[in-house]
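Lettering follows sequence order; numbering is per chain, from 1. Computed over heavy atoms, backbone and side chain alike; hydrogens, waters and symmetry mates excluded. Since this is a predicted model, take the numbers as computed values, not measurements.
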2 protein chains.
Amino acid sequence: MKTKAIFYHAGCTVCVSAEQAFAGSLDPARFDVEVVNFAESPARIGEAEAAGVVSVPAFVIHGTPFHINFGASMAEVKGS
Amino acid sequence: MKTKAIFYHAGCTVCVSAEQAFAGSLDPARFDVEVVNFAESPARIGEAEAAGVVSVPAFVIHGTPFHINFGASMAEVKGS
């Protein structure tokens, strides 16, 4: 069974860079990658925060948040 | 030709978590991953800093640094 990896972002420049480097780079034989753009899916903000995401871009893998560089805080995401 | 992805770390807990999540997860058909532990290879610190690495753990892919969460600053790495 593949591991679910969710990449959360907000369309920022830093987010796009991280998406290009990682979201399409995980081994497709082992990972099922979902890309969530909060600008399009604000309803997903709650699940990301519950998993510990405090800024974007970030992955959540096995329930653990991995923030990649810094694009925007979740406060900024919610205020935008 | 595979893309070179270098994962720099310093053996910290945050580093190990990021290594387990990402260093072995990139598509082996497209990436050649090298793991560098500064505690074992302090001579590699200069190349990492030149690429823009300011904290560990971090990847450098195509010359671009991607810091994953925060384990330790490069100043702490050099001071340890």
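- You'll find the side chain of A:Pro57 stays beyond 4.5 Å of the side chain of A:Asn69, heavy atoms only.
- Atoms CG and OG, from A:Leu26 and B:Ser25 in turn, are 6.0 Å apart once rounded to the nearest 0.5 Å.
- In terms of hydrophobic clustering, with Ile, Leu, Val, Met, Phe, Trp and Tyr side chains grouped at heavy-atom distances under 4.5 Å, A:Val56 and A:Ile61 are assigned to different clusters.
- A:His67 has its side chain out of reach of B:Ile68: every pair of non-hydrogen atoms, C-beta onward, lies at least 4.5 Å apart.
- The nearest pair of heavy atoms linking A:Val60 to A:Pro65 is CG2-CA, 4.2 Å.
- Only the side chain of B:Phe22 comes within contact range of chain A, with at least one heavy atom under 4.5 Å from a heavy atom of that chain.
- Using a distance-only test at 3.5 Å, with no hydrogens or angles considered, a donor-acceptor pair links the side chain of B:Lys2 to the main chain of B:Pro28.
- Listed in order of number, the residues of residues 30-54 of chain B that approach chain A to under 4.5 Å between heavy atoms are B:Arg30, B:Phe31.
- Heavy-atom neighbours of chain B within the stretch residues 3-20 of chain A, taken at a separation under 4.5 angstrom, comprise A:Ser17, A:Ala18.
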